[in-house]
Number of protein chains: 2
Amino acid sequence: MFADLTPDELNEALVVIDDLVYQSGCMIYRKGDEGNALFTIRRGLVKLVRELPEGEQRIVRLLKVGDVVGIEVAIGSSYKHTAFTIGETELCRIPASAIEQLDISHPSLARQLMVRWQNSLDDADRALVEFSTGTAEVRVARLLLHLSALSHDATCVDIGRQDMGSMLSITTETASRVMAGFRRRGAVGETGRGAPCRCNLDLLKRIANPD
Amino acid sequence: MFADLTPDELNEALVVIDDLVYQSGCMIYRKGDEGNALFTIRRGLVKLVRELPEGEQRIVRLLKVGDVVGIEVAIGSSYKHTAFTIGETELCRIPASAIEQLDISHPSLARQLMVRWQNSLDDADRALVEFSTGTAEVRVARLLLHLSALSHDATCVDIGRQDMGSMLSITTETASRVMAGFRRRGAVGETGRGAPCRCNLDLLKRIANPD
DNA sequence: CGTAAATTTGAATGGATTCAAACGTGGTGG
DNA sequence: CCACCACGTTTGAATCCATTCAAATTTACG
């Protein structure tokens, strides 16, 4: 993100940037809070959550290593979601003031930010077409494929059934049922508690794209 | 969008900006095409469509007056969706080259673009929470409320059942059934063909937020 | 006026939800 | 160390909602 900065500018930026480690399930910020800082993910996962009118919550986006959390801060907005860590997660905290300063003096940072915005938009659109259409089986398969793509091997982070459900707009019970079916069919390996599960990518792809 | 430009810059920009009128159902651009231009909507509606693996199509976003169509062009990307007009629509065509030029000389345009990106993101998130959760009745009610908010009166653009369905991830038949029910209950007025329908906002709100 | 396309309605089916209970896991305190 | 509780997951059975397939109806357009 800070490519194209001069050494001086970089140093100036770095003094105000903190490196933070959150444990699993921590709230990073709450929707509506004044946006004092944005974050980049160095390790772990972050979920952006929005409350439904009915009181439940829906996961709007899942952010991965390299993604920016709270990018809306860059235009002076308050936070649009509530953000939680999933698994132990390491974040870089970048104060809004630092962004403002650099933004003016350095147009290439502006471009970097635009690229990040577009990436977020792509993720959102993907959620709309892949995670909100098709049967429960199809959605879960697509989510597992998505998660597998984050790791270099075929393991995927063991996400809770509740989180699965609120990402895919299905109940935790159906999420559980579908995963049980996948296990029976060998689409995913036996899930050791909390351990990442091995996925049968070929089989999952076949399930995800019914012809 | 071109606030904060000097008269000279504005003139220079305006010579390359075309004003176009499309009739209903026209394709503005196709997904994957090289992005030579972006557009702003002066009148009408635009739908951004993405093809599902199964061959069907899903409406990812509905753009209204003042929105930017094809904003990804500003970072040199090809089009991420296929764009169609809904109803007769008037667009401003802004060549990518014009954006590039102004982008460098004028940082305030960059900020304007970021705001637009964030707006798109907000719309996408809204689609995820409001148009992809709840029963068919609830989703249709929320869509009608959303459309009503675009007009200043309580009328809302008569969107086809097919488009309704592919916005809400329901079939055209259920969309039709739900609308029939709403008509019976007086949630929407009798729909004169192609004419905008009058909505009973209070009743729709009650349906949209089941307590 | 006649054909094509979109909308509406019906009946049967299937899939997801709901409500409930059982199970396993981890943490706490006796 | 074990009993106990809280919490997430799993499984079951009944219900409900949306889909599917089909046909009738209306609307648009040449």
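Convention: sequence-line order gives letters A, B, ...; per-chain numbering from 1.
At whole-Å resolution of the value, CD in Q162(B) and C1' in dT8(C) are 14 Å apart. Per the geometry, CE belonging to M164(B) stands 14 Å off C1' belonging to dA6(C), to the nearest Å. Counting to the nearest Å, the P atom of dT19(D) and the CZ atom of R161(B) are 15 Å from each other. We find that CE of M179(B) is positioned 17 Å from P of dA6(C), with the value rounded to whole Å. Following rounding to the nearest Å, D163(A) (CG) and dC7(D) (P) show an atom-to-atom distance of 16 Å. Atom CZ of F182(B) and atom P of dT7(C) are 17 Å apart (whole Å).
Other residues, nucleotides and ligands contribute at most 12 non-hydrogen atoms within 6.0 Å of the CZ atom of R42(B).
Note: H146(A) and F131(A) meet the aromatic proximity criterion, with ring centroids under 6.0 Å apart.
Between the side chains of S169(B) and R58(B), at least one donor-acceptor pair of N or O atoms lies under 3.5 Å.
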Q. Along nucleotides 9-18 of chain C, 5' to 3', which nucleotides get a B, which get an S, and which get a -, given that the test is a protein heavy-atom distance under 4.0 Å?
A. BBB----SBB
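Comparing the start and finish of the helix from dC1(C)-dG30(D) to dG30(C)-dC1(D), five pairs each, the helix axis swings through 40°, to the nearest 10 degrees.
Under the side-chain contact (heavy atoms from CB on, under 4.5 Å) criterion, T174(A) pairs with I170(A), T171(A), sequence neighbours left out.
Cation-pi geometry between K47(B) and F84(B) is met: under 6.0 angstrom from the ring centre, within 45 degrees of the axis.
We find that D125(A) and R61(B) are joined by a salt bridge, their nearest charged nitrogen and carboxylate oxygen being less than 4.0 Å apart.
In terms of modelled atom types and a separation under 3.5 Å, the side chain of T85(B) and the main chain of C26(B) share a donor-acceptor contact.
Atom-to-atom distance recorded for K31(B):NZ and H81(B):NE2 is 8.0 Å, nearest 0.5 angstrom.
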